[in-house]
Amino acid sequence: MFEKYMLKMFNKKAGSEESRPGEIISHLDIRSGESIADVGSGGGYFTFRFAEEVGDRGHVYAVDVSAKNLGFIREEAKKRYLNGQLTLVLAEEGGTNLMDKSVDLVFSRNAFHHIENPVEYFRKLKRALRPEGRVVIIDNKKEKGLMSRLGHSSTEEEIVRSLENAGYRLERSFDFLDRQWFFVFSAAQ
Ligand SMILES: C[S@@+](CC[C@H](N)C(=O)[O-])C[C@H]1O[C@@H](n2cnc3c(N)ncnc32)[C@H](O)[C@@H]1O
């Protein structure tokens with residue numbers, strides 16, 4: 001019951017004007033037919049937006065350590081008649097359990113700060129990326145707001161250094177989100 005309330009709150013916040021979801025999606029360069037993993041999918045706000053973006057030929061993986069959260073997404077997906085397009089993946093604390101070469105884009109919003117050993121986590125995740133695959137991390141800025149005071153946040157250095165140490169290259173960053181980092185990485189050659 002409480003989880004359902006929390007997940008609805010996550011979705012409401014993710015879809016709010018302040019979170020600028022439309023702009024986030026427009027900066028991801030998603031192509032129809034792509035496969036996207038939403039890592040730390042929570043209530044699935046972005047999972048469902050991605051399903052619309054990739055279309056019938058594409059695929060979306062909702063990846064989360066919480067079976068309850070994935071159950072909530074399963075119920076929502078039924079209401080939206082999303083069957084073949086969506087796969088739920090129960091992650092472990094230390095890895096996503098995605099199949100090798102299964103995704104073009106890994107998107108993770110407000111989950112990075114939960115990951116205990118991000119270098120190991122993202123090093124393993126490289127195997128799931130297809131050639132030219134990209135990883136997008138959005139997380140609360142440590143120095144700003146309530147989320148920071150609650151510890152649900154990261155510094156720029158924590159994100160960028162972890163991903164670089166895991167074998168990624170920072171390709172782009174966007175600064176239109178006042179309270180969050182928005183980084184795009186590619187797997188370094
Ligand atoms: C604050 S919520 C963010 C939900 C959603 N991405 C959003 O933007 O609304 C963080 C989510 O990350 C999940 N999570 C925590 N640790 C994780 C891990 N190691 N791997 C995958 N998901 C994780 C939590 O269960 C939770 O659903």
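Just so you know, ligand 1 is whichever comes first in the structure, and atom 1 is the first atom listed for that ligand. Hydrogens, waters and symmetry mates play no part in the numbers below; they use all other heavy atoms, side chains included.
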Participant: Could you identify the single nearest non-hydrogen protein atom to atom 1 (C) of ligand 1 and state the distance to 0.1 Å?
Facilitator: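 For this ligand atom, the closest protein heavy atom is N110 O, 3.4 Å.
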Participant: How close do G40 and A111 get, heavy atom to heavy atom, and via which atoms?
Facilitator: CA-CB, 4.0 Å
Participant: CG of D100: more than 12 outside heavy atoms within 6.0 angstrom?
Facilitator: yes
Participant: Within ligand 1, which atoms have a heavy atom of G42 less than 4.0 Å away?
Facilitator: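 That gives atoms 4 (C), 27 (O) of ligand 1.
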Participant: Run the numbers for me: atoms of ligand 1, each under 4.0 Å from some heavy atom of F10, listed by number.
Facilitator: 1 (C), 2 (S), 9 (O)
Participant: Quick check on contacts: which atoms of ligand 1 are under 4.0 angstrom from a heavy atom of V65?
Facilitator: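 Matching atoms, with element in brackets: 14 (N), 15 (C), 16 (N), 17 (C), 18 (C), 19 (N), 20 (N), 21 (C), 22 (N), 23 (C), 25 (O).
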Participant: Which protein heavy atom lies closest to atom 4 (C) of ligand 1, and at what distance to 0.1 Å?
Facilitator: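 Protein heavy atom with the smallest distance to atom 4 (C) of ligand 1: G40 O, 3.3 Å.
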Participant: Could you tell me which atoms of ligand 1, counted from 1 in the order shown, lie closer than 4.0 angstrom to a heavy atom of A111?
Facilitator: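 Heavy-atom distances to A111 below 4.0 Å select 12 (O).
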Participant: How close does the nearest protein non-hydrogen atom get to atom 8 (O) of ligand 1, and which residue and atom is it?
Facilitator: R109 NH1, 2.6 Å
Participant: Identify whether V65 and L90 are in the same connected component of the hydrophobic contact network (ILVMFWY, side-chain heavy atoms under 4.5 Å).
Facilitator: no
Participant: With a 4.5 Å cut-off on side-chain heavy-atom distances among I, L, V, M, F, W and Y, is there a chain of contacts connecting I73 to Y81?
Facilitator: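 No, it is not one cluster - the side chains of I73 and Y81 are not joined through contacts under 4.5 Å.
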Participant: Would you call E53 and R49 a salt bridge, taking side-chain N to carboxylate O under 4.0 Å as the test?
Facilitator: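 A salt bridge is absent here (no side-chain N lies under 4.0 Å from a carboxylate O).
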Participant: How does N69 reach ligand 1, if at all, at less than 4.0 Å between non-hydrogen atoms: by side chain, backbone, both, or neither?
Facilitator: side chain
Participant: Output all residues satisfying side-chain hydrogen bond (donor to acceptor under 3.5 Å, both in side chains) with E17, sequence neighbours left out; order by chain, then residue number.
Facilitator: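 Applying side-chain hydrogen bond (donor to acceptor under 3.5 Å, both in side chains) to E17 gives none.
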Participant: Is it true that a side-chain atom of Q85 and a backbone atom of G58 form a donor plus acceptor pair closer than 3.5 Å?
Facilitator: no
Participant: Within less than 4.0 angstrom of ligand 1, does Y121 place any heavy atom?
Facilitator: yes
Participant: Which atoms of ligand 1 have any heavy atom of H114 under 4.0 Å away?
Facilitator: 10 (C), 15 (C), 16 (N)
Participant: Any salt bridge between E164 and R161, counting N to O under 4.0 Å?
Facilitator: no
Participant: Can you tell me which residue and heavy atom of the protein come closest to atom 25 (O) of ligand 1, and the distance to 0.1 Å?
Facilitator: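 The answer is D64 OD1, 2.6 Å.
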Participant: Linking Ile, Leu, Val, Met, Phe, Trp and Tyr by side-chain heavy atoms under 4.5 Å, what else ends up with I137?
Facilitator: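 Listed partners: V39, Y61, V63, V89, L98, M99, V103, V106, F112, I115, Y121, F122, L125, L129, V135, I159, V160, L163, Y168, L170, W181, F183, F185.
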Participant: Give the atom numbers and elements of ligand 1 that come within less than 4.0 Å of a heavy atom of E93.
Facilitator: 19 (N)
Participant: At a non-hydrogen distance cut-off of under 4.0 Å, which region of S108 contacts ligand 1 (side chain, backbone, both, or neither)?
Facilitator: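 Neither; no heavy atom under 4.0 Å.
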